[in-house]
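Here's the structure, in structure tokens; my notes come after.
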Amino acid sequence: MGKLLGDSITWRGSTAVNACDLSEPQAAATSWDRVSGIEEQQKSWSMVFRLSHGGDVEADGNCLFTASWKAMAPEMKVDARDLRRRTVTRFLEVLGSLSGKEREMTESAIRHMYAPDLKSGWGIHLVQEVKLLAKKADHESLDSAIDELVNLGMRRETAAESIYKERCIAVDNGPSWARYMSISGSPEDEYDIITLQYTEEGLLTVDENREGHAAAFGDDIAIGCLATEFKREIFCGKKNHVVFFIL
């Protein structure tokens, strides 16, 4: 389950202290004295935030956008899918303004996340994933092509891997990332997400996402674009298997 946290933090053993209370030096000093693990130099900082629990969100691929909507836009005539679209639009605007070297760095990060080099990385990962995009309208032709290979004696998972890699879109550059991040698991999506999982020995599983419910999880790039769009900081954390967002 995802957790949504608003713009605040409550110090242990104290009442909540708003940032505006820092105009009084003694109030700030008293608050910092009650915070454990803070060095003297860090206590000289002039800004304090208070955290409050803003509610739970579903633990699915839309959690970043649902949490952001709850925190920032419930009074606006938008929903989580609109925030996803605005994030993608912002990304494409920024991508178009990047120099050649900056764009290559961005697209290298995208490849690392969604189209990794399966010859490396095994010292860090036990399982690596490759994301592919299949047009909803193409599922019937994809299934037919897979069945043809199966009828020739190929294992279905191997046949599916071969056809999906050949005919689907790899998420390995800016435009394909934009298509991927646009997917919310809705019937209105143009594409469905196909996930190939690998171990060092080879193909592990093929998640064909038959129901089309898989949504693209908001990654670091999406978080940065969403933060830029709304001119605020967004942080993501995890504790005790619970993902939380601070907005």
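In this text, all values refer to a predicted model and were calculated from it rather than measured experimentally. In what follows, residues are counted from 1 in the order of the sequence shown.
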Heavy atoms only: give me the nearest [X]-[Y] pair and the separation to one decimal.
X	Y	answer
Tyr114	Val171	CB-O, 3.4 Å
Ile183	Ala214	CG2-O, 3.5 Å
Ala134	Cys168	CB-SG, 3.7 Å
Cys225	Arg90	O-CG, 3.6 Å
Tyr191	Lys136	O-CE, 4.2 Å
Leu92	Ala178	CD2-CB, 3.7 Å

Go through the structure and list residues passing side chain to side chain donor-acceptor pair (under 3.5 Å) with [X], not counting sequence neighbours.
X	result
Asp172	none
Thr228	none
Arg81	Ser184, Glu188
Glu107	Arg103

When you measure from the side chain of [X] to the backbone N and O of [Y], does any donor-acceptor pair fall under 3.5 Å?
X	Y	result
Gln128	Ser120	yes
Arg85	Ser182	no
Arg84	Ala216	yes
Asp82	Asp79	yes
Asn209	His213	yes

Does any pair with a residue in residues 119-174 pass ring pair (Phe, Tyr, Trp, His ring centres under 6.0 Å), and if so which ones, sequence neighbours excluded? none

For Phe91, enumerate each residue passing the ring pair (Phe, Tyr, Trp, His ring centres under 6.0 Å) test, keeping only those at least two apart in sequence or located in another chain. Trp177

Assess whether side chain to side chain contact (heavy atoms under 4.5 Å, CB included) is satisfied between Val94 and Glu102, documenting all intermediate values. CA-CA 11 Å; Val94 172; Glu102 291 171 328; over 6 Å; no

More than 12 heavy atoms of other residues, nucleotides or ligands under 6.0 Å from CG of Asp220: is that the case? no

Answer yes if the side chains of Asn173 and Ser176 hold a donor-acceptor pair under 3.5 Å, and no otherwise. yes

If we only count heavy atoms from C-beta on, is the [X] to [Y] side-chain gap below 4.5 Å?
X	Y	result
Leu142	Arg167	yes
Glu208	Ile146	yes
Leu133	Glu190	no
Tyr198	Leu204	no

Salt bridge or not for Arg111 and Glu104, using N-O below 4.0 Å? yes

Using the side chain to side chain contact (heavy atoms under 4.5 Å, CB included) rule, take Leu152 and Glu148 through it: C-alpha gap first, then chi angles, then the decisive distance, then the call. CA-CA 6 Å; Leu152 292 173; Glu148 286 182 12; 5.7 Å; no

Step by step, work out the side chain to side chain contact (heavy atoms under 4.5 Å, CB included) result for Ile221 and Met113. CA-CA 11 Å; Ile221 296 172; Met113 289 188 286; 3.8 Å; yes

In the single-linkage hydrophobic clustering (I, L, V, M, F, W, Y; side-chain heavy atoms under 4.5 Å), do Val88 and Leu83 co-cluster? yes

Pair Leu196-Glu129, side chain to side chain contact (heavy atoms under 4.5 Å, CB included): steps then yes or no: CA-CA 6 Å; Leu196 308 180; Glu129 292 186 345; over 6 Å; no

